[in-house]
Amino acid sequence: MEELIIRTKRLTIRHLRPSDLPDFHIYRSNPEVTRYQGFDVMTPEDAALFIQNNAVHSFGTPGQWVQYAIENTETGRLIGDCAIRLDSGDPGTAEAGITISHLEQRKGFAKEAVLGILTFLFDGKEIRRVVETVDAENIASVNLMKSIGFRQEGHFIENIFFKGKWGSEFLFAMLKREWDEVKKQHNLLLQA
């Protein structure tokens, strides 16, 4: 299995390791962090099993989500994770998701990680289109997508039954040609 490594100015995005478990569990067990995520609060056992099961996956299999660690390069500590999936019907389209620990939010790490992922997908893997689905109530993520330069393509009203209630979602997207313009604005965060 080829090791995926994405480096930005402050972060290293890499495969999850068993040694990530303590930091991974800290934020994956926080109800505020899991509120808008497709996963629920995790026990230590859930978190360990998740890391173990994810170890057999690698980037490039259409339709398969792969979870990666987001490490603070300076401290060597896990501060979040992200997932990347190539569309099963169009491998030129990728989707990504991101989770940052409640202990590390509001420091610009989410934006830096997403920009690193976009650089990897658009410039490294020649992906044509990247999409992001965001809970309509998750204002921080909506603002993040807009600040990076994603276009809002859709607003789905009560389209998903999620954690006991109907939820609405926004669909954001960016094309490779749009990325070529956007990355000029974010050059400082992209330099490793």
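Predicted, not measured: the structure shown is a model, and the values here were computed from it.
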Apply the test side-chain contact (heavy atoms from CB on, under 4.5 Å) to residues Tyr36 and Val134: give CA-CA distance (whole Å), side-chain angles for both, the deciding distance (0.1 Å), then the verdict. CA-CA 8 Å; Tyr36 301 116; Val134 178; over 6 Å; no

TODO: Check the pair Leu118, Phe150 against side-chain contact (heavy atoms from CB on, under 4.5 Å), reporting the backbone distance first and the verdict last.
DONE: CA-CA 11 Å; Leu118 292 174; Phe150 277 87; 3.9 Å; yes

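- Applying the side-chain contact (heavy atoms from CB on, under 4.5 Å) test between Ile79 and each of Asp23, Thr99, Ile70, Leu103 identifies Ile70 as the sole match.
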Leu4 vs Arg14, side-chain contact (heavy atoms from CB on, under 4.5 Å): CA-CA, chis, key distance, verdict
CA-CA 6 Å; Leu4 178 141; Arg14 57 165 175 76; 6.0 Å; no

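- Heavy-atom minimum distance, Pro62 versus Ser88: CB-CA, 3.9 Å.
- Side-chain atoms of Phe170 and Met145, non-hydrogen and from C-beta on, never get closer than 4.5 Å to each other.
- A pairwise comparison of heavy atoms in Ile98 and Ala113 identifies CD1-CB, 3.4 Å as the closest pair.
- How far CG of Leu16 is from CD of Glu71: 11.0 Å, rounded to the nearest 0.5 Å.
- The shortest heavy-atom contact between Cys82 and Ile13 is SG-CG2, 3.7 Å.
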Open item on the list: Assess the residue pair Thr8 and Leu115 against the criterion (side-chain contact (heavy atoms from CB on, under 4.5 Å)); give the C-alpha distance rounded to whole Å, side-chain angles, the decisive distance to 0.1 Å, and a yes or no.
Closed with: CA-CA 8 Å; Thr8 66; Leu115 290 169; over 6 Å; no

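- Cluster membership check: Val182 shares its hydrophobic cluster with Leu144, using side-chain heavy-atom separations under 4.5 Å among Ile, Leu, Val, Met, Phe, Trp and Tyr.
- Here Asp180 pairs with Lys176, Lys183 under the salt bridge (Lys or Arg N to Asp or Glu O under 4.0 Å) rule; sequence neighbours left out.
- The closest side-chain heavy-atom distance from Leu171 to Gln152 is not below 4.5 Å.
- Heavy-atom minimum distance, Ala136 versus Ile139: O-CD1, 4.0 Å.
- Taking Arg85 as the reference, Glu95 meet the salt bridge (Lys or Arg N to Asp or Glu O under 4.0 Å) condition, with sequence neighbours excluded.
- Judged as a salt bridge (Lys or Arg N to Asp or Glu O under 4.0 Å), and not counting sequence neighbours, Asp87 has no contacts.
- Between Arg28 and Asp81, at least one side-chain nitrogen of the basic residue sits less than 4.0 Å from a carboxylate oxygen of the acidic one, meeting the salt-bridge criterion.
- Smallest separation of non-hydrogen atoms from Gly97 and Trp65: N-CZ3, 4.3 Å.
- Separation of atoms OG (Ser101) and CZ (Phe109) is listed at 10.5 Å; rounding is to 0.5 Å.
- Criterion: ILVMFWY side-chain heavy atoms under 4.5 Å apart, direct or through other members. Under it, Met42 and Ile51 are part of a common hydrophobic cluster.
- For the salt bridge (charged side-chain N to carboxylate O under 4.0 Å, His left out) condition, the pairs that include at least one residue of residues 138-162, sequence neighbours left out, are Arg129-Glu153, Arg151-Glu153, Arg151-Glu178.
- In this structure, the separation between CD1 on Ile127 and CG on Leu86 is 5.0 Å, given to the nearest 0.5 Å.
- Between the His15 side chain and the Ala55 main chain, no donor and acceptor come within less than 3.5 Å of each other.
- For the atom pair CD (Glu137) and CD (Glu169), the distance works out to 11.0 Å, reported to the nearest 0.5 Å.
- The distance from the CZ atom of Phe120 to the OH atom of Tyr68 is 6.5 Å, given to the nearest 0.5 Å.
- Put simply, Val131 and Ile84 are part of two different groups of oily side chains (I, L, V, M, F, W, Y) that touch within less than 4.5 Å, one to the next.
- A distance of 6.0 Å separates NE2 of His25 from OG1 of Thr43, quoted to the nearest 0.5 Å.
- Between the side chain of Thr73 and the main chain of Arg10, a donor-acceptor pair closer than 3.5 Å is present.
- Residues passing the side-chain contact (heavy atoms from CB on, under 4.5 Å) test with Ser19, sequence neighbours excluded: Arg17.
- A salt bridge does not link Lys9 with Glu112: none of the charged nitrogens is closer than 4.0 Å to a carboxylate oxygen.
- Proximity of Val142 to Phe172: side-chain heavy atoms (C-beta onward) are separated by under 4.5 Å at one or more points.
- Shown here for Ser58 and Gln64, the closest heavy-atom pair between the two residues is O-OE1, 3.8 Å.
- A donor atom on one side chain and an acceptor atom on the other are not found under 3.5 Å apart for His102 and Glu32.
- Each of Leu21, Asn72, Asp20 was compared with Leu78 under the side-chain contact (heavy atoms from CB on, under 4.5 Å) criterion, and only Asp20 meets it.
- The ring-ring contact (aromatic ring centres under 6.0 Å, His included) search around Tyr27 returns Phe24, not counting sequence neighbours.
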